[in-house]
There are 2 protein chains.
Amino acid sequence: MAATMKDIARRTGLGLATISSYFNGGNVREKNRIKIEEAIEELHYEVNEVARGLKTNATKTIGVVIPELNNTFCAEIITGMEDVLRSHGYATIVCDCRTDKKLEREAIEFLIRRRVDGVINMPVDEEGNHLKKFQKTGKPIVLIDRKIQGISCDSVLVDNEKAAEDAVRQFIERGHRYIGIIGGPKGIFTAQERMAGYYRALEKAGIPVRESLICHGDYTIQGGVRSLEELVQKNPDMTAVFVTNYEMTMGAMIGVNELGIQIPEQLSVIGFDNLQFARACNPKLTIVSQPTDGIAREVARIMLEHLENGKKESEEFFTEKLQTEIIEGKSVNTLK
Amino acid sequence: MAATMKDIARRTGLGLATISSYFNGGNVREKNRIKIEEAIEELHYEVNEVARGLKTNATKTIGVVIPELNNTFCAEIITGMEDVLRSHGYATIVCDCRTDKKLEREAIEFLIRRRVDGVINMPVDEEGNHLKKFQKTGKPIVLIDRKIQGISCDSVLVDNEKAAEDAVRQFIERGHRYIGIIGGPKGIFTAQERMAGYYRALEKAGIPVRESLICHGDYTIQGGVRSLEELVQKNPDMTAVFVTNYEMTMGAMIGVNELGIQIPEQLSVIGFDNLQFARACNPKLTIVSQPTDGIAREVARIMLEHLENGKKESEEFFTEKLQTEIIEGKSVNTLK
DNA sequence: CTGAAAGCGCTAACAT
DNA sequence: ATGTTAGCGCTTTCAG
């Protein structure tokens, strides 16, 4: 068994409180401090955070629930958050709910049982029912990518509608009129926003919407492949396509390759996320780039603020909206 | 404050042991079971795993320490492991050590303090010093991608040497003689093995090794870009290049694009990992594919076996070696 | 500055 | 089958 504080108390002849005080930054006589440190060394003592957590009712652990770890956007966000949280002594338990509402709810319950100090969630269930129970604990929740009515908490979002509008306008300005979109699942907030941006850009330009140019993918690579094939097949006159997340962008490129379509001569493309992938494409892809690292650090910062300063429930909750950026490649053709 | 077992004992008029027994699969009279369930419902009771962990000396938590979460190979492994571990009630704490030995050691200490039941590690420190302390707890360790002398534990590896040899032989059989390699960091085990495979393939074919064709990257995208540029510049006669991980493969493709090199006419390429990326390249990339999901599930399975069956320290430790596969694309030219 | 003692929420004997 | 009780390792009064 691992050494305990009792062991080191016995060994040094000191009382428990002194040892505890040593670990919690209290004042300990120089002579005793040395004795304690020797004992720690010899006994290979390591604080038991579990016991500490039980006593202090704070586990120094944050639960993170995301739809797919295997999605670059999510993975990048987690990397950034984990970095800052751990540097503040917080552990991160990541739960991948596979874009499944039931699993998402179970993940939250799992985290409640483990008494995490806070939850960071990129929600699948737009109703937020899964969060109600955690909300009752009074511990902080920070949402990524979506605000939820009825759950009072901070949210860090991206201006998805503007991102999509900008991308589509880019096509329009270059003379495109038959512009396809590979959107996300209808139930997903970000997907709805991006779709709204598409509509708005067309509307502002007075271009009529054609149903067959709109395709709802599922944010996966295979979905991207299928959607691209479908769009191309249904719309021989389509000159441009906007793809609304990274996985589907990769899928669309696969489709383009496998169909032998030339970019941008036969088809102009604007993708989403992952600048490096865009650079690796030939020709380089124009993409909408989200500030992933900024989101990650912002989310972690907000969470820490709640945790350390004990931000009260009564206070106002923030909704931060970060801006995206279009990184130009050579995948958009200028017509005429 | 959250409800406790005491609360539900009071509410039902039952004793603590009965409640505990209810939660741990013991026999409880039908009438009481109903009362208990009602109380749970009304009080929104959720088991406190922290307290349980303190008592049972088992946190049902596994620590995972990896070099880069932001590396697709790692992210995929984690996804798979987390899936099976959580379905068995285990939480996963992931620590990204940024390929830094000091951070790796700190991560392990962090996990020791949190009393995780086991550690899964894709080690950066080839000496394994960081694991010594955890080893003393007698709890299980499973290593990914590398075996470490002196640390007795199971390991799940990939046959890297053969993987590289196969790839290089593929070039040789198609008539290539000036074959470059973008290897990994010299200190990394998998990188050494892949490099060894390169040497072996050349040796078997009687092709002399030329130093300038060997480049040590750092397993990052930028490293891949730089390495490709360097190889091309130093070796005007190079006709093929083998890239030894995914990130550098993407980097190499970026380099190829930015230098305007035609694949496979001017340069043949074999990459590593990520079939989907290979498909998205134009032309489709030939790659060495690792069985990531297989590794993930195997690692998780081994860990669970230790945890549930209490596999003894005295027993033999396994070293499993999984095979890779070459997925052919159109990026390898046949010379004359 | 240090020691003694209570208790966080749970499990696991041991009684009944 | 159910109740009682003693800790698990720590923090935190409260005394001294």
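Taking the 5' to 3' direction, DNA chain C first and last meets chain A under 4.0 angstrom from a heavy atom at C/dC1 to C/dG9. Read 5' to 3', the first and last nucleotides of DNA chain D with an atom closer than 4.0 Å to a heavy atom of chain B are D/dA1 to D/dG9.
Between B/Glu127 and B/Ile148, the closest side-chain pair of non-hydrogen atoms is not below 4.5 Å.
Among residues two or more places apart in sequence or in another chain, the side-chain contact (heavy atoms from CB on, under 4.5 Å) test is passed with A/Glu41 by none. Remark: A/Asn27 engages no residue in a side chain to side chain donor-acceptor pair (under 3.5 Å) (not counting sequence neighbours). Shown here are the ring-ring contact (aromatic ring centres under 6.0 Å, His included) partners of A/Phe189, two or more places apart in sequence or in another chain: there are none. A/Thr99 is linked by a side chain to side chain donor-acceptor pair (under 3.5 Å) to A/Glu68, counting only residues two or more places apart in sequence or in another chain. The side-chain contact (heavy atoms from CB on, under 4.5 Å) check on B/Lys136 picks up A/His44, with sequence neighbours excluded. Looking at residues two or more places apart in sequence or on another chain, you find a side chain to side chain donor-acceptor pair (under 3.5 Å) between A/Asp117 and A/Thr59. For B/Arg10, the side chain to side chain donor-acceptor pair (under 3.5 Å) partners two or more places apart in sequence, or in a different chain, are B/Asp7. The side-chain contact (heavy atoms from CB on, under 4.5 Å) check on B/Lys101 picks up B/Val124, B/Asp125, B/Glu126, with sequence neighbours excluded.
Of the residues near DNA chain D, B/Gly15 and A/Ala3, the one whose nearest nucleotide (by heavy atom distance) lies more toward the 5' end is B/Gly15. Ranked by how close their nearest DNA chain C nucleotide is to the 5' end, A/Thr18 and B/Ser20 are led by A/Thr18.
In this structure, B/Lys6 places its NZ atom where only 12 or fewer heavy-atom neighbours from other residues, nucleotides or ligands lie under 6.0 Å away. In B/Lys147, the NZ atom is not crowded: 12 or fewer heavy atoms of neighbouring residues, nucleotides or ligands sit closer than 6.0 Å. Counted within 6.0 Å of NZ on A/Lys132, heavy atoms from surrounding residues, nucleotides or ligands total more than 12; the atom is thus considered enclosed.
Within 4.0 Å (heavy atoms only), A/Tyr22 reaches no atom of the nucleic acid at all. In this structure, A/Leu14 reaches the sugar-phosphate backbone alone: every heavy-atom distance under 4.0 Å involves primed, P, OP1 or OP2 atoms, never a base.
The stretch residues 47-60 of chain A comes close to DNA chain C through A/Leu54, A/Lys55, each having a heavy atom under 4.0 Å from the strand.
Taking the six-membered ring for Trp and the full ring otherwise, B/Tyr219 and B/Phe73 have centroids separated by 6.0 Å or more.
With axes fitted over five pairs at each extremity, the angle between the ends of the helix from C/dC1-D/dG16 to C/dT16-D/dA1 is 30° (10° resolution).
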